[in-house]
Amino acid sequence: MEIEQKALFIIFGGTGDLAKRKLYPSLFQLYKKGILKDNFAIIGTARRPWSDEHLQEVVKEAIEGDEAAVSLGAEFASHFYYQSHNVNDTEHYVTLRKLAEKLDEKYQIEGNRLFYLAMSPRFFGTIAQHLKSQKIVTTKGYNRVIVEKPFGRDFESAKDLNDSISKYFPEEDFFRIDHYLGKEMIQNIMALRFSNNLFRAVWNNRYIDNIQITLSEALGVEERAGYYETAGALRDMVQNHILQIISLLTMNMPASYSESDIRREKIYALKSLKKYSAVKVAENFVRAQYSAGDGQIGYLQENEIANDSTTETFVAGKLFVNNENFSGVPIYIRTGKRLTKKTTRIDISFKEMETSFFDSKKLGRNILTINVEPEGKVFLQTNIKKIGQGFDLVPSLMELQLNNENVVVPEAYEKLLLDALLGDATNFAHWEEVAYAWKFVDSIRKAWDDGNGNLAEYPCGSMGPRESEELLERDGHQWVFDGE
(Lines give C-alpha, C1' and ligand atoms only; values in the text may rest on other atoms or scores of the structure.)
Protein backbone atom coordinates (compact mmCIF):
# COMPACT_ATOMS: atom_id res chain seq x y z
CA MET A 1 0.00 0.00 0.00
CA GLU A 2 1.18 3.50 -0.83
CA ILE A 3 1.85 5.89 2.04
CA GLU A 4 -0.99 8.18 3.09
CA GLN A 5 -1.09 11.40 1.07
CA LYS A 6 -1.91 14.92 2.22
CA ALA A 7 -3.58 17.05 -0.42
CA LEU A 8 -6.28 19.58 -1.24
CA PHE A 9 -8.00 18.94 -4.57
CA ILE A 10 -9.72 21.88 -6.24
CA ILE A 11 -11.87 20.55 -9.08
CA PHE A 12 -12.99 23.14 -11.60
CA GLY A 13 -16.07 21.58 -13.18
CA GLY A 14 -16.98 19.74 -10.00
CA THR A 15 -20.66 19.40 -11.01
CA GLY A 16 -19.86 17.81 -14.36
CA ASP A 17 -20.29 14.31 -15.71
CA LEU A 18 -16.56 13.48 -15.57
CA ALA A 19 -16.37 14.35 -11.89
CA LYS A 20 -19.40 12.22 -11.03
CA ARG A 21 -18.56 9.21 -13.22
CA LYS A 22 -14.78 9.05 -12.84
CA LEU A 23 -13.17 11.42 -10.35
CA TYR A 24 -15.35 10.92 -7.27
CA PRO A 25 -15.44 7.09 -7.51
CA SER A 26 -11.67 7.01 -8.13
CA LEU A 27 -10.95 9.26 -5.16
CA PHE A 28 -13.13 6.94 -3.06
CA GLN A 29 -10.99 3.98 -4.08
CA LEU A 30 -7.91 5.86 -2.83
CA TYR A 31 -9.79 6.56 0.39
CA LYS A 32 -10.73 2.90 0.84
CA LYS A 33 -7.08 1.93 0.49
CA GLY A 34 -5.94 4.50 3.06
CA ILE A 35 -3.98 6.56 0.54
CA LEU A 36 -6.38 9.41 1.30
CA LYS A 37 -7.37 9.21 4.94
CA ASP A 38 -7.57 12.15 7.34
CA ASN A 39 -5.44 14.87 5.76
CA PHE A 40 -7.30 15.64 2.56
CA ALA A 41 -10.14 17.78 1.28
CA ILE A 42 -11.86 18.37 -2.05
CA ILE A 43 -13.36 21.64 -3.24
CA GLY A 44 -15.76 21.36 -6.15
CA THR A 45 -16.35 24.54 -8.11
CA ALA A 46 -18.72 25.40 -10.94
CA ARG A 47 -21.33 28.03 -11.81
CA ARG A 48 -24.25 26.12 -10.29
CA PRO A 49 -25.47 27.46 -6.92
CA TRP A 50 -24.88 24.25 -4.97
CA SER A 51 -24.13 23.91 -1.26
CA ASP A 52 -21.60 21.72 0.56
CA GLU A 53 -24.46 19.42 1.54
CA HIS A 54 -25.70 19.05 -2.03
CA LEU A 55 -22.24 18.21 -3.36
CA GLN A 56 -21.80 15.64 -0.58
CA GLU A 57 -25.08 14.00 -1.59
CA VAL A 58 -23.91 13.91 -5.23
CA VAL A 59 -20.65 12.29 -4.12
CA LYS A 60 -22.52 9.64 -2.11
CA GLU A 61 -24.70 8.90 -5.13
CA ALA A 62 -21.60 8.59 -7.31
CA ILE A 63 -20.13 5.86 -5.10
CA GLU A 64 -23.32 4.10 -3.97
CA GLY A 65 -22.59 1.05 -6.15
CA ASP A 66 -19.53 0.27 -4.02
CA GLU A 67 -20.25 -1.99 -1.03
CA ALA A 68 -17.78 -0.05 1.10
CA ALA A 69 -19.85 3.11 0.62
CA VAL A 70 -22.31 1.85 3.21
CA SER A 71 -19.75 2.17 6.01
CA LEU A 72 -17.30 4.70 4.57
CA GLY A 73 -19.36 6.86 2.21
CA ALA A 74 -20.59 9.48 4.67
CA GLU A 75 -17.16 10.08 6.21
CA PHE A 76 -15.56 10.28 2.77
CA ALA A 77 -18.17 12.74 1.51
CA SER A 78 -17.67 14.96 4.57
CA HIS A 79 -14.29 15.97 3.09
CA PHE A 80 -16.06 17.64 0.13
CA TYR A 81 -16.87 21.35 -0.04
CA TYR A 82 -18.50 23.45 -2.72
CA GLN A 83 -18.05 26.97 -3.99
CA SER A 84 -20.11 28.52 -6.75
CA HIS A 85 -17.51 30.03 -9.02
CA ASN A 86 -17.21 32.22 -12.12
CA VAL A 87 -13.76 31.53 -13.56
CA ASN A 88 -13.58 35.07 -14.98
CA ASP A 89 -14.38 36.82 -11.68
CA THR A 90 -11.32 37.73 -9.64
CA GLU A 91 -13.34 38.12 -6.44
CA HIS A 92 -14.42 34.50 -6.66
CA TYR A 93 -10.76 33.45 -6.52
CA VAL A 94 -10.31 35.51 -3.36
CA THR A 95 -13.16 33.54 -1.78
CA LEU A 96 -11.66 30.31 -3.08
CA ARG A 97 -8.27 31.16 -1.54
CA LYS A 98 -9.85 31.79 1.87
CA LEU A 99 -11.69 28.47 1.75
CA ALA A 100 -8.54 26.66 0.65
CA GLU A 101 -6.54 28.20 3.50
CA LYS A 102 -9.25 27.25 6.00
CA LEU A 103 -9.30 23.63 4.81
CA ASP A 104 -5.51 23.45 4.68
CA GLU A 105 -5.43 24.33 8.37
CA LYS A 106 -8.40 22.14 9.34
CA TYR A 107 -7.01 18.99 7.70
CA GLN A 108 -3.29 19.80 8.20
CA ILE A 109 -2.61 19.44 4.48
CA GLU A 110 0.70 21.36 4.56
CA GLY A 111 0.08 23.37 1.39
CA ASN A 112 -0.16 20.46 -1.10
CA ARG A 113 -2.63 21.37 -3.83
CA LEU A 114 -3.87 19.72 -7.02
CA PHE A 115 -5.94 21.81 -9.41
CA TYR A 116 -8.06 19.63 -11.69
CA LEU A 117 -9.38 21.52 -14.73
CA ALA A 118 -12.35 19.38 -15.81
CA MET A 119 -13.90 22.01 -18.06
CA SER A 120 -13.52 23.67 -21.44
CA PRO A 121 -9.88 24.30 -22.44
CA ARG A 122 -10.72 27.92 -23.27
CA PHE A 123 -10.74 28.60 -19.53
CA PHE A 124 -7.40 26.94 -18.74
CA GLY A 125 -5.25 30.04 -19.16
CA THR A 126 -7.65 32.26 -17.20
CA ILE A 127 -7.78 29.80 -14.32
CA ALA A 128 -3.99 29.34 -14.23
CA GLN A 129 -3.44 33.10 -14.22
CA HIS A 130 -5.87 33.67 -11.35
CA LEU A 131 -4.54 30.77 -9.31
CA LYS A 132 -1.16 32.49 -9.41
CA SER A 133 -2.22 36.13 -9.10
CA GLN A 134 -4.66 35.49 -6.25
CA LYS A 135 -2.07 33.40 -4.39
CA ILE A 136 -4.10 30.19 -4.38
CA VAL A 137 -0.83 28.61 -5.41
CA THR A 138 0.99 28.02 -2.13
CA THR A 139 4.57 28.81 -1.23
CA LYS A 140 4.89 25.57 0.72
CA GLY A 141 4.05 22.06 -0.38
CA TYR A 142 3.43 21.34 -4.07
CA ASN A 143 1.08 22.83 -6.66
CA ARG A 144 0.08 20.63 -9.61
CA VAL A 145 -2.33 21.24 -12.47
CA ILE A 146 -4.19 18.35 -14.11
CA VAL A 147 -5.93 19.01 -17.44
CA GLU A 148 -8.25 16.89 -19.55
CA LYS A 149 -8.23 16.41 -23.30
CA PRO A 150 -8.89 17.79 -25.81
CA PHE A 151 -5.60 19.65 -25.53
CA GLY A 152 -6.01 21.92 -28.54
CA ARG A 153 -7.44 21.06 -31.95
CA ASP A 154 -4.17 21.44 -33.89
CA PHE A 155 -0.54 22.21 -33.10
CA GLU A 156 -0.96 25.98 -32.99
CA SER A 157 -3.95 25.97 -30.65
CA ALA A 158 -2.27 23.35 -28.46
CA LYS A 159 0.85 25.51 -28.25
CA ASP A 160 -1.21 28.56 -27.31
CA LEU A 161 -2.99 26.51 -24.66
CA ASN A 162 0.27 25.13 -23.34
CA ASP A 163 1.86 28.57 -23.20
CA SER A 164 -1.14 29.97 -21.32
CA ILE A 165 -0.56 27.50 -18.49
CA SER A 166 3.22 27.12 -18.57
CA LYS A 167 3.58 30.84 -17.85
CA TYR A 168 2.35 30.04 -14.36
CA PHE A 169 3.16 26.35 -13.81
CA PRO A 170 6.41 24.61 -14.85
CA GLU A 171 6.29 21.44 -16.96
CA GLU A 172 7.04 19.19 -13.97
CA ASP A 173 3.82 20.44 -12.30
CA PHE A 174 1.69 20.14 -15.43
CA PHE A 175 -0.16 16.81 -15.82
CA ARG A 176 -2.00 16.22 -19.13
CA ILE A 177 -4.33 13.26 -18.73
CA ASP A 178 -4.76 10.63 -21.39
CA HIS A 179 -6.82 8.04 -19.53
CA TYR A 180 -5.62 5.27 -21.86
CA LEU A 181 -2.20 5.60 -20.23
CA GLY A 182 -3.79 4.60 -16.93
CA LYS A 183 -5.25 1.36 -18.28
CA GLU A 184 -3.63 -1.75 -16.85
CA MET A 185 -3.01 -3.47 -20.18
CA ILE A 186 -1.52 -0.34 -21.76
CA GLN A 187 0.93 -0.15 -18.86
CA ASN A 188 1.62 -3.85 -19.40
CA ILE A 189 3.11 -3.13 -22.84
CA MET A 190 6.42 -2.13 -21.27
CA ALA A 191 6.32 -5.11 -18.92
CA LEU A 192 5.84 -7.52 -21.83
CA ARG A 193 8.50 -5.87 -23.95
CA PHE A 194 11.27 -5.25 -21.49
CA SER A 195 10.94 -7.95 -18.82
CA ASN A 196 10.69 -11.01 -21.08
CA ASN A 197 13.59 -12.14 -23.24
CA LEU A 198 11.05 -14.13 -25.26
CA PHE A 199 9.52 -10.89 -26.56
CA ARG A 200 12.42 -8.49 -26.18
CA ALA A 201 14.52 -10.49 -28.65
CA VAL A 202 11.89 -10.46 -31.41
CA TRP A 203 10.35 -7.00 -30.86
CA ASN A 204 11.80 -5.49 -34.02
CA ASN A 205 11.53 -5.35 -37.80
CA ARG A 206 13.51 -8.58 -38.25
CA TYR A 207 10.64 -10.58 -36.78
CA ILE A 208 7.52 -8.39 -36.72
CA ASP A 209 5.59 -8.25 -39.98
CA ASN A 210 2.90 -5.73 -39.02
CA ILE A 211 1.09 -4.23 -36.04
CA GLN A 212 -2.66 -3.62 -35.88
CA ILE A 213 -4.41 -1.33 -33.40
CA THR A 214 -8.19 -1.26 -33.11
CA LEU A 215 -10.17 1.13 -30.90
CA SER A 216 -13.79 0.45 -31.76
CA GLU A 217 -16.90 1.87 -30.13
CA ALA A 218 -20.43 0.50 -30.38
CA LEU A 219 -22.02 3.81 -29.39
CA GLY A 220 -22.58 6.81 -31.63
CA VAL A 221 -21.85 10.42 -30.77
CA GLU A 222 -24.62 10.48 -28.14
CA GLU A 223 -24.60 13.69 -26.05
CA ARG A 224 -21.16 14.67 -27.38
CA ALA A 225 -22.49 15.58 -30.82
CA GLY A 226 -21.67 19.28 -30.46
CA TYR A 227 -18.06 18.56 -29.53
CA TYR A 228 -17.66 15.72 -32.01
CA GLU A 229 -18.77 17.82 -34.96
CA THR A 230 -15.77 20.12 -34.36
CA ALA A 231 -13.33 17.27 -33.67
CA GLY A 232 -13.94 14.04 -35.55
CA ALA A 233 -12.28 10.67 -35.00
CA LEU A 234 -8.82 11.83 -36.10
CA ARG A 235 -8.54 14.51 -33.41
CA ASP A 236 -10.64 12.68 -30.83
CA MET A 237 -8.86 9.31 -30.87
CA VAL A 238 -5.79 9.17 -33.14
CA GLN A 239 -3.90 12.25 -31.93
CA ASN A 240 -3.89 11.10 -28.32
CA HIS A 241 -4.86 7.51 -27.51
CA ILE A 242 -3.61 5.74 -30.64
CA LEU A 243 -0.36 7.67 -31.02
CA GLN A 244 0.41 7.18 -27.32
CA ILE A 245 -0.05 3.42 -27.79
CA ILE A 246 2.20 3.49 -30.85
CA SER A 247 4.92 5.29 -28.90
CA LEU A 248 4.87 2.56 -26.22
CA LEU A 249 4.95 -0.22 -28.82
CA THR A 250 7.82 1.19 -30.88
CA MET A 251 10.04 3.19 -28.53
CA ASN A 252 13.58 2.00 -27.88
CA MET A 253 14.26 0.42 -24.51
CA PRO A 254 14.74 3.23 -21.95
CA ALA A 255 17.96 3.35 -19.95
CA SER A 256 15.91 2.92 -16.77
CA TYR A 257 12.35 2.77 -15.54
CA SER A 258 12.23 6.47 -14.79
CA GLU A 259 9.95 9.24 -15.94
CA SER A 260 12.70 11.10 -17.79
CA ASP A 261 14.14 8.07 -19.61
CA ILE A 262 10.74 6.70 -20.66
CA ARG A 263 9.61 10.11 -21.81
CA ARG A 264 12.78 10.60 -23.87
CA GLU A 265 12.18 7.38 -25.81
CA LYS A 266 8.47 8.05 -26.33
CA ILE A 267 9.24 11.48 -27.73
CA TYR A 268 11.83 9.99 -30.09
CA ALA A 269 9.30 7.41 -31.34
CA LEU A 270 6.69 10.11 -32.07
CA LYS A 271 9.34 12.27 -33.70
CA SER A 272 10.15 9.30 -35.97
CA LEU A 273 6.61 9.00 -37.40
CA LYS A 274 6.80 9.10 -41.18
CA LYS A 275 4.95 12.11 -42.57
CA TYR A 276 3.04 11.75 -45.82
CA SER A 277 2.53 14.07 -48.74
CA ALA A 278 -1.09 15.00 -49.45
CA VAL A 279 -1.30 12.35 -52.19
CA LYS A 280 0.12 9.69 -49.89
CA VAL A 281 -2.37 10.63 -47.18
CA ALA A 282 -5.17 9.75 -49.62
CA GLU A 283 -3.47 6.41 -50.33
CA ASN A 284 -2.72 5.47 -46.74
CA PHE A 285 -5.64 6.86 -44.73
CA VAL A 286 -9.35 6.16 -44.88
CA ARG A 287 -12.04 8.38 -43.39
CA ALA A 288 -15.71 7.54 -43.21
CA GLN A 289 -19.05 8.35 -41.61
CA TYR A 290 -21.58 5.90 -40.21
CA SER A 291 -24.88 5.58 -42.05
CA ALA A 292 -28.16 4.04 -40.94
CA GLY A 293 -28.09 0.34 -40.16
CA ASP A 294 -28.55 -2.25 -37.42
CA GLY A 295 -31.58 -0.32 -36.17
CA GLN A 296 -29.56 2.89 -35.69
CA ILE A 297 -29.74 6.25 -37.44
CA GLY A 298 -26.83 7.62 -39.44
CA TYR A 299 -24.47 10.37 -38.30
CA LEU A 300 -26.21 12.99 -40.44
CA GLN A 301 -29.50 12.24 -38.71
CA GLU A 302 -28.09 12.77 -35.20
CA ASN A 303 -29.18 15.85 -33.21
CA GLU A 304 -26.87 18.89 -33.55
CA ILE A 305 -25.21 17.47 -36.68
CA ALA A 306 -25.34 19.50 -39.90
CA ASN A 307 -27.03 17.59 -42.73
CA ASP A 308 -24.03 18.23 -45.00
CA SER A 309 -21.37 17.47 -42.39
CA THR A 310 -18.11 15.91 -43.58
CA THR A 311 -16.87 15.10 -40.07
CA GLU A 312 -15.37 11.61 -39.97
CA THR A 313 -16.60 9.09 -37.39
CA PHE A 314 -14.09 6.46 -38.56
CA VAL A 315 -10.40 6.56 -39.40
CA ALA A 316 -8.12 3.80 -40.64
CA GLY A 317 -4.53 4.29 -41.64
CA LYS A 318 -1.11 2.83 -42.29
CA LEU A 319 1.71 4.42 -40.32
CA PHE A 320 5.46 3.90 -40.08
CA VAL A 321 7.85 4.71 -37.25
CA ASN A 322 11.25 5.16 -38.86
CA ASN A 323 13.51 4.32 -35.95
CA GLU A 324 16.16 1.63 -35.63
CA ASN A 325 13.88 -1.25 -34.68
CA PHE A 326 10.67 -0.55 -36.57
CA SER A 327 11.62 1.01 -39.88
CA GLY A 328 9.58 -0.70 -42.60
CA VAL A 329 6.99 -2.26 -40.27
CA PRO A 330 3.48 -1.11 -41.22
CA ILE A 331 1.29 -0.12 -38.28
CA TYR A 332 -2.38 -0.33 -39.21
CA ILE A 333 -4.81 1.65 -37.08
CA ARG A 334 -8.56 2.02 -37.04
CA THR A 335 -11.04 3.67 -34.74
CA GLY A 336 -14.67 4.53 -35.14
CA LYS A 337 -18.13 4.86 -33.70
CA ARG A 338 -21.14 2.61 -34.24
CA LEU A 339 -18.92 -0.38 -34.98
CA THR A 340 -19.71 -4.00 -34.13
CA LYS A 341 -18.63 -3.86 -30.49
CA LYS A 342 -16.56 -1.86 -28.02
CA THR A 343 -13.02 -3.17 -28.16
CA THR A 344 -9.48 -1.93 -27.68
CA ARG A 345 -6.85 -4.38 -28.86
CA ILE A 346 -3.37 -4.60 -30.30
CA ASP A 347 -2.39 -7.44 -32.66
CA ILE A 348 1.31 -7.93 -33.34
CA SER A 349 1.75 -10.25 -36.29
CA PHE A 350 5.13 -11.92 -36.65
CA LYS A 351 6.68 -12.89 -39.96
CA GLU A 352 5.98 -16.29 -41.43
CA MET A 353 8.69 -18.92 -41.29
CA GLU A 354 10.49 -19.06 -44.62
CA THR A 355 10.85 -22.84 -44.61
CA SER A 356 9.28 -25.71 -42.72
CA PHE A 357 10.11 -29.39 -42.47
CA PHE A 358 6.43 -30.25 -41.96
CA ASP A 359 5.93 -31.41 -45.56
CA SER A 360 6.14 -27.77 -46.72
CA LYS A 361 2.80 -27.03 -45.08
CA LYS A 362 2.00 -23.34 -44.80
CA LEU A 363 2.26 -22.36 -41.15
CA GLY A 364 -0.04 -19.92 -39.41
CA ARG A 365 1.48 -16.71 -38.17
CA ASN A 366 2.46 -16.19 -34.57
CA ILE A 367 0.28 -13.33 -33.35
CA LEU A 368 0.57 -11.63 -29.97
CA THR A 369 -2.73 -10.02 -29.01
CA ILE A 370 -3.00 -7.51 -26.18
CA ASN A 371 -6.68 -7.14 -25.40
CA VAL A 372 -7.07 -3.90 -23.45
CA GLU A 373 -10.85 -3.89 -23.10
CA PRO A 374 -13.43 -5.09 -22.39
CA GLU A 375 -11.26 -7.75 -20.72
CA GLY A 376 -7.57 -7.41 -19.98
CA LYS A 377 -5.94 -10.44 -21.60
CA VAL A 378 -2.88 -11.41 -23.58
CA PHE A 379 -2.99 -14.15 -26.23
CA LEU A 380 -0.16 -15.72 -28.19
CA GLN A 381 -1.15 -17.66 -31.29
CA THR A 382 1.19 -20.56 -31.99
CA ASN A 383 1.23 -23.68 -34.16
CA ILE A 384 0.83 -27.06 -32.52
CA LYS A 385 0.23 -30.64 -33.65
CA LYS A 386 -3.35 -31.66 -34.19
CA ILE A 387 -4.41 -34.50 -31.92
CA GLY A 388 -4.54 -37.84 -33.75
CA GLN A 389 -2.64 -39.70 -36.45
CA GLY A 390 -0.29 -37.87 -38.77
CA PHE A 391 1.38 -34.55 -38.16
CA ASP A 392 -1.12 -31.94 -39.19
CA LEU A 393 -0.66 -28.54 -37.56
CA VAL A 394 -3.34 -26.29 -36.13
CA PRO A 395 -3.21 -22.81 -34.60
CA SER A 396 -3.57 -22.62 -30.83
CA LEU A 397 -4.01 -19.72 -28.43
CA MET A 398 -1.96 -19.46 -25.27
CA GLU A 399 -3.82 -17.17 -22.88
CA LEU A 400 -2.65 -15.02 -20.01
CA GLN A 401 -5.63 -13.50 -18.25
CA LEU A 402 -5.03 -10.41 -16.17
CA ASN A 403 -8.19 -10.52 -14.08
CA ASN A 404 -9.15 -13.20 -11.61
CA GLU A 405 -11.71 -13.38 -8.84
CA ASN A 406 -9.19 -12.28 -6.22
CA VAL A 407 -7.73 -9.29 -8.03
CA VAL A 408 -9.58 -6.08 -8.86
CA VAL A 409 -7.89 -4.02 -11.56
CA PRO A 410 -7.84 -0.32 -10.62
CA GLU A 411 -9.78 2.04 -12.87
CA ALA A 412 -7.53 4.21 -15.03
CA TYR A 413 -8.45 7.45 -13.26
CA GLU A 414 -7.66 5.96 -9.86
CA LYS A 415 -4.15 5.11 -10.99
CA LEU A 416 -3.58 8.47 -12.64
CA LEU A 417 -4.86 10.45 -9.66
CA LEU A 418 -2.46 8.52 -7.44
CA ASP A 419 0.40 9.22 -9.85
CA ALA A 420 -0.45 12.93 -9.69
CA LEU A 421 -0.46 12.80 -5.88
CA LEU A 422 2.98 11.18 -5.99
CA GLY A 423 4.27 13.64 -8.60
CA ASP A 424 4.94 10.83 -11.09
CA ALA A 425 4.24 12.03 -14.64
CA THR A 426 5.37 8.80 -16.38
CA ASN A 427 1.81 7.99 -17.48
CA PHE A 428 0.90 11.53 -18.50
CA ALA A 429 1.62 13.22 -21.82
CA HIS A 430 4.60 15.59 -21.94
CA TRP A 431 4.32 18.71 -24.07
CA GLU A 432 6.81 17.39 -26.65
CA GLU A 433 4.74 14.22 -27.05
CA VAL A 434 1.63 16.32 -27.60
CA ALA A 435 3.46 18.58 -30.04
CA TYR A 436 4.83 15.81 -32.28
CA ALA A 437 1.48 14.02 -32.25
CA TRP A 438 -0.32 17.18 -33.38
CA LYS A 439 2.20 17.89 -36.12
CA PHE A 440 1.64 14.41 -37.53
CA VAL A 441 -2.15 14.63 -37.33
CA ASP A 442 -2.19 18.17 -38.74
CA SER A 443 -0.58 16.95 -41.96
CA ILE A 444 -3.39 14.40 -42.42
CA ARG A 445 -6.10 16.88 -41.54
CA LYS A 446 -4.73 19.45 -43.97
CA ALA A 447 -4.60 16.92 -46.80
CA TRP A 448 -8.25 16.03 -46.20
CA ASP A 449 -9.29 19.66 -45.94
CA ASP A 450 -7.54 20.30 -49.26
CA GLY A 451 -9.65 17.64 -50.95
CA ASN A 452 -7.34 14.63 -50.83
CA GLY A 453 -9.18 11.42 -50.00
CA ASN A 454 -12.89 10.71 -50.24
CA LEU A 455 -15.31 10.44 -47.33
CA ALA A 456 -16.63 6.87 -47.34
CA GLU A 457 -19.68 5.43 -45.56
CA TYR A 458 -20.23 2.35 -43.44
CA PRO A 459 -23.43 0.96 -41.93
CA CYS A 460 -23.89 0.97 -38.17
CA GLY A 461 -22.95 -2.38 -36.66
CA SER A 462 -20.16 -3.10 -39.16
CA MET A 463 -16.39 -2.83 -38.64
CA GLY A 464 -16.09 0.13 -40.98
CA PRO A 465 -16.04 0.78 -44.72
CA ARG A 466 -14.73 -1.61 -47.36
CA GLU A 467 -11.85 0.81 -47.97
CA SER A 468 -10.47 -0.11 -44.54
CA GLU A 469 -10.18 -3.75 -45.62
CA GLU A 470 -8.59 -2.75 -48.92
CA LEU A 471 -5.95 -0.74 -47.10
CA LEU A 472 -4.50 -4.00 -45.76
CA GLU A 473 -5.34 -6.20 -48.73
CA ARG A 474 -3.06 -4.10 -50.95
CA ASP A 475 -0.19 -5.28 -48.75
CA GLY A 476 -1.36 -8.89 -48.67
CA HIS A 477 -2.77 -8.58 -45.11
CA GLN A 478 -6.15 -8.57 -43.42
CA TRP A 479 -7.45 -7.35 -40.09
CA VAL A 480 -6.84 -9.97 -37.41
CA PHE A 481 -9.90 -8.79 -35.48
CA ASP A 482 -13.05 -9.18 -37.54
CA GLY A 483 -15.50 -7.88 -34.95
CA GLU A 484 -16.45 -11.23 -33.45
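A quick note: this is a predicted structure, and the numbers were derived from the prediction, not measured.
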For the residue pair [Y] / [X], report whether a side-chain donor-acceptor contact shorter than 3.5 Å exists.
X	Y	value
E222	Y228	no
T369	D347	yes
W438	S157	no
K149	Q239	no

For this session: Going by the side-chain hydrogen bond (donor to acceptor under 3.5 Å, both in side chains) test, name the single residue among Q296, Q289, E217 that passes it with R338.
Result: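 The side-chain hydrogen bond (donor to acceptor under 3.5 Å, both in side chains) with R338 is passed solely by Q296 among Q296, Q289, E217.
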
Tell me whether the centres of the aromatic rings in [X] and [Y] are closer together than 6.0 Å.
X	Y	value
Y290	Y299	yes
F314	Y458	yes
Y31	F40	yes
F169	F174	no

Minimal non-hydrogen separation, [X] against [Y], with atom names:
X	Y	value
L117	I127	CD2-CG2, 3.8 Å
N205	K351	O-NZ, 2.8 Å
S164	A128	O-CB, 4.2 Å

For this session: Pick out which of Y180, F175, F151 makes a ring-ring contact (aromatic ring centres under 6.0 Å, His included) with F428.
Result: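 Of the listed residues Y180, F175, F151, the ring-ring contact (aromatic ring centres under 6.0 Å, His included) partner of F428 is F175.
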
N-O pairing of [X] and [Y] below 4.0 Å:
X	Y	answer
K159	E156	no
R264	D261	yes
R365	D209	yes
K271	E432	no
R445	E312	yes

Exercise. About how many Å separate CZ of F440 and CZ of F155, when rounded to the nearest 0.5 Å?
Worked result: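 F155 CZ to F440 CZ: 16.0 Å, rounded to 0.5 Å.
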
Problem set entry | Residue from L249, L368, I245, V321 passing side-chain contact (heavy atoms from CB on, under 4.5 Å) with I211 |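 Looking at L249, L368, I245, V321, the match for I211 under the side-chain contact (heavy atoms from CB on, under 4.5 Å) is L249.
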
Crowding at [atom1], [X] (>12 non-hydrogen neighbours, <6.0 Å):
X	atom1	value
N303	CG	no
D66	CG	yes
Y227	OH	yes
K446	NZ	no
Q478	CD	no
E414	CD	yes
R200	CZ	no

For this session: Give the intermediate values and the outcome of salt bridge (Lys or Arg N to Asp or Glu O under 4.0 Å) for residues R466 and E473.
Result: CA-CA 11 Å; R466 175 62 190 158; E473 289 172 359; 2.7 Å; yes

For this session: Check the pair Y276 / F320 against side-chain contact (heavy atoms from CB on, under 4.5 Å), numbers first and verdict last.
Result: CA-CA 10 Å; Y276 291 116; F320 291 95; 3.5 Å; yes

For this session: I would like to know whether W479 and S468 meet side chain to side chain donor-acceptor pair (under 3.5 Å); could you show each step before the answer?
Result: CA-CA 9 Å; W479 289 106; S468 171; 3.1 Å; yes

For this session: Fit a plane to each ring of Y413 and H179, take the angle between them on a 0 to 90° scale, and name the class: parallel (under 30°), tilted (30 to 60°) or perpendicular (over 60°).
Result: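 If you compare the ring of Y413 with that of H179, the planes turn out parallel.
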
Exercise. Which is it for E61 and K20 under the salt bridge (Lys or Arg N to Asp or Glu O under 4.0 Å) test, yes or no, and what are the steps along the way?
Worked result: CA-CA 9 Å; E61 289 174 8; K20 288 181 277 192; over 6 Å; no

Problem set entry | Step-by-step side-chain contact (heavy atoms from CB on, under 4.5 Å) determination, Y332 to V480 | CA-CA 11 Å; Y332 302 105; V480 174; over 6 Å; no

Exercise. Between N188 and V378, is a side-chain contact (heavy atoms from CB on, under 4.5 Å) present by the stated rule, with each step listed?
Worked result: CA-CA 10 Å; N188 253 301; V378 177; over 6 Å; no

For this session: Could you go through the salt bridge (Lys or Arg N to Asp or Glu O under 4.0 Å) check for R176 and E171 one step at a time?
Result: CA-CA 10 Å; R176 303 169 192 82; E171 179 66 29; 2.8 Å; yes

Exercise. Would you say R144's side chain and L421's backbone share a donor-acceptor pair under 3.5 angstrom?
Worked result: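 Yes; judged by distance alone, with no hydrogens or angles, the pair exists.
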
For this session: Please answer whether the main-chain N or O of K342 pairs with a side-chain N or O of S216 as donor and acceptor at a distance below 3.5 Å.
Result: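 Side chain of S216 to backbone of K342: no pair is present.
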
